[in-house]
Amino acid sequence: MDIGLGIDVGGTNTDAVLLDLRSKKVILSNKSPTTYNDLSIGIKNVISKFDRSFFPKISLTSISTTLATNSIVEGFKNKISAFLIGYDPKEFVIDLNDEIHFVKGGHNVKGEEKSPLDIDYIKAAILKSRDFVEGYAVSSFFSVRNPEHELCTKELINRYSNKPVTLGSELSFKLDAKTRAMTVILNAHLIPIIYDLLDSVKKVFKSFNINTPIMVVKGDGSLIDEKEALYRPIETILSGPAASVVGAKSLIKDSKKAKNGIVIDIGGTTTDIAILKDGQPEINFSVARVGRWKIHLKAIKMETIGVGGDSEIKIDSEGNIEVGPNRVIPICYLGCLYPEVNKELISIDKSVKSIDISSKINFYTLEEKNNSHNLSNLEEDILEQLFPSPASLFQISKTLNRTIVEITKALKKLEKKGFIKVSGFTPTDIFHIKGLYTEYNKESSELAYKILSKSFLNNKWDLLKRIETVVYQNIGVKILGMLSKNELNKDLYHFLWDLSSNTSNYIDGLECKINLHKMIIGVGAPSYAMIPSLTKIFNAKPLIPQYAEVANAIGAITSSVVIMEEAIIKPYKDGFNLHFSTGLKFFQDLEEANIYGNDILRKIISKKAKRAGVKRLNISFEEKDNIVKTKGGNSIFIEKRIIAKGIGKPRLD
């Protein structure tokens, strides 16, 4: 038996599955909290739950993760050096704390050299920076038409430094030099992040005597081997959500009705939505926005909402409800770890009367015991109060004899600095109250809800309904927007949703309902609790497959390796230039350029596939001619694009 190990390192939990690679059946699955300070702890915890007799039979491991996405959104701590060749410093402003070198060189749209590459400057910059940077990024103007200057710079970096280097032409074959430069700079930043993940996995594997090839899921749902992931970590952005879609496809493969369904992955931090067509998600290769950065990214087309099982629920003084996007520790989970939390909730219940109390049921716990000296006296006093067990806002204020406002400000600073974690009321607590999910301390959730619902005197369950309305509206409105082929006003989606979800559904005798003729496929741990209610509003059929809670990990181990390369043939002087990722070549005859283009793409893909350990590679080609006709009826050849795609499975050795 060949067994595959799928691992998903998510924002809340680390999931793992053991899968029979031949029958595609799940053998065992487990979950464990993700441990950000040391990823190996969470990975070891989830793998240790498996029967070790299966370990010698594991022949392949594949990993999906949200670490790259989270790192870009949350900011970077490492430092890299970037060479922007042929760029105008006035037109390219970057506010990252990096060493940016604007170097003479670059090419024009025809692939002709604008000016010679300043090799001496590059060499001096490498020698000066190699001891304190963690990687290099190189982007040359119009390198997609001629990568010569990027390749030369890479050769210099490899000669004088042992730090990793990535090139813009290797990451993107799209025009838009600024976005390509930003892509390669962020890629260099992510290398240490992915290195830490893979290093953590290898440490755990060594302790369990697991020896297997390691693959990583890309944002388009395909796989790359660990070496390529280290070299091109930017491609792992949206890896986790992509793996969930692939996992859902694997779990519903026998359901014909689900081939054109909507996949909703409800996690601890976010909800990701993708639409299937004939069993396949749409792939989007364009400029994507991740955090505040625009990058070139090939990924599954999906929408992400900052609402998940662990999203913080806030209620202001006027009774307005906000769910997410902040992720907190559910009260029920904290109460499971620290039973004394319930006593404090009872105490808060006796002292709180107004509705403006959503933050007052929050508890705070140490992220780690840290002796940093960059803290105020109040911040240090608060950290002492949180050791060894968490405390509420009331407890801290009372013990330190400081106002709620003072304590709240200090706590926000400590959270931002990474010293503490917040626990609050979440959808997971609602699931416990309703009996839909009872893994943790249900009493803690009920006590917290009792405090929050104080001002809803007519019906204490009214607050629960209002919170659920906000959660489902956020998801439902997003689905309506994705299904619409026209750019309609967002207010219209909200209007339609309100009509359909309202209990009366009548306007002057008119009943309004949404009838969704697509199956809603739910994956992720909270899907069992949320999908049934969501589908009722849509009048749609729900499908929550077995092992939906670990769909990401299943998607990781059932994915294929997909390698895509592109070449462009453009008229040049008395012949044609063939532009490809590793060079530029001139031909006098279009057919010769076309034949060579197919051949060079096949060689590039085959080489990458061999390096990735792919077996039985299938390569297909697609050609697109861009020919325009003049008013006189003559045809003018603009360009030909050759797109090659190689698909295969990793070798099991």
Side-chain angles (χ1 to χ4, degrees), residues 10-13 33-37 66-67 69-75 240-241 265-272 290-292 303-335 337 341 355-368 379 382 386 390-393 396 404-405 407-432 440 444-445 448-449 451-452 463 466-475 477-478 524-526 530:
T12 302
N13 290 310
T34 297
T35 51
Y36 283 100
N37 292 330
T66 58
L67 292 176
T69 310
N70 294 344
S71 296
I72 288 181
V73 173
E74 295 169 5
D265 177 19
I266 306 172
T269 309
T270 61
T271 293
D272 303 300
V290 182
R292 59 194 178 102
E303 293 284 350
T304 298
I305 310 164
V307 174
D310 297 347
S311 295
E312 183 178 18
I313 296 172
K314 294 182 180 179
I315 306 170
D316 65 19
S317 57
E318 297 179 357
N320 297 313
I321 298 168
E322 182 181 357
V323 182
N326 294 334
R327 178 174 62 90
V328 296
I329 301 170
I331 288 287
C332 55
Y333 182 73
L334 193 74
L337 298 177
V341 163
I355 188 174
D356 187 21
I357 39 73
S358 58
S359 64
K360 294 183 176 67
I361 65 165
N362 285 349
F363 284 76
Y364 300 86
T365 182
L366 284 176
E367 172 70 19
E368 60 179 286
E379 290 169 350
I382 290 174
L386 301 183
S392 71
L393 182 64
I396 300 170
I404 293 291
V405 174
I407 297 299
T408 300
K409 287 181 179 179
L411 286 168
K412 286 182 178 179
K413 290 180 180 179
L414 286 170
E415 183 185 3
K416 188 175 182 180
K417 293 175 183 178
F419 283 89
I420 63 173
K421 282 186 176 181
V422 183
S423 175
F425 195 70
T426 68
T428 299
D429 290 294
I430 293 178
F431 303 154
H432 278 73
Y440 307 124
S444 301
S445 299
Y449 180 75
I451 299 168
L452 288 175
L463 175 61
R466 290 180 58 185
I467 293 172
E468 289 180 320
T469 298
V470 173
V471 172
Y472 294 132
Q473 183 184 56
N474 286 339
I475 300 173
V477 168
K478 186 66 69 175
M530 295 177 67

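Please read these numbers as outputs of a predicted model, since none were measured by experiment.
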Any side-chain heavy atom of [X] within less than 4.5 Å of one from [Y]?
X: Met530; Y: Ile475; value: yes
X: Glu415; Y: Val422; value: yes
X: Ile420; Y: Ile382; value: no
X: Ile361; Y: Ser392; value: no
X: Leu411; Y: Ile396; value: yes
X: Val328; Y: Asp310; value: no
X: Glu322; Y: Ile313; value: no
X: Tyr333; Y: Ser444; value: no

Work out which heavy atom in [X] is nearest to a heavy atom in [Y]; give both atom names and the distance.
X: Thr428; Y: Gly309; value: OG1-O, 2.6 Å
X: Pro241; Y: Thr66; value: CD-CG2, 4.3 Å
X: Gly308; Y: Pro427; value: O-CG, 3.4 Å

Once you round to the nearest 0.5 Å, how far does [atom1] of [X] lie from [atom2] of [Y]?
X: Arg466; Y: Ile315; atom1: CZ; atom2: CD1; answer: 8.0 Å
X: Ile331; Y: Phe425; atom1: CD1; atom2: CZ; answer: 8.5 Å
X: Lys314; Y: Leu452; atom1: NZ; atom2: CG; answer: 13.5 Å
X: Asn362; Y: Leu393; atom1: CG; atom2: CG; answer: 7.5 Å
X: Tyr364; Y: Ile407; atom1: OH; atom2: CD1; answer: 10.0 Å

Would the distance check show the side chain of [X] and the main-chain N or O of [Y] forming a donor-acceptor pair, the cut-off being under 3.5 Å?
X: Asp429; Y: Pro330; value: no
X: Ser311; Y: Gly324; value: no
X: Thr270; Y: Ile305; value: no
X: Ser423; Y: Ile329; value: yes

Worked check of side chain to side chain donor-acceptor pair (under 3.5 Å) between Thr304 and Asp272: CA-CA 4 Å; Thr304 298; Asp272 303 300; 2.7 Å; yes
Do Glu379 and Phe419 pass the side chain to side chain contact (heavy atoms under 4.5 Å, CB included) test, and can you show the C-alpha distance, the side-chain angles, and the key distance before you say yes or no? CA-CA 10 Å; Glu379 290 169 350; Phe419 283 89; over 6 Å; no
Intermediate values then yes/no, side chain to side chain contact (heavy atoms under 4.5 Å, CB included), Ile430 and Val471: CA-CA 11 Å; Ile430 293 178; Val471 172; over 6 Å; no
Parallel, tilted or perpendicular, judged at 30° and 60°: which one describes the rings of Tyr440 and His432?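 If you compare the ring of Tyr440 with that of His432, the planes turn out parallel.
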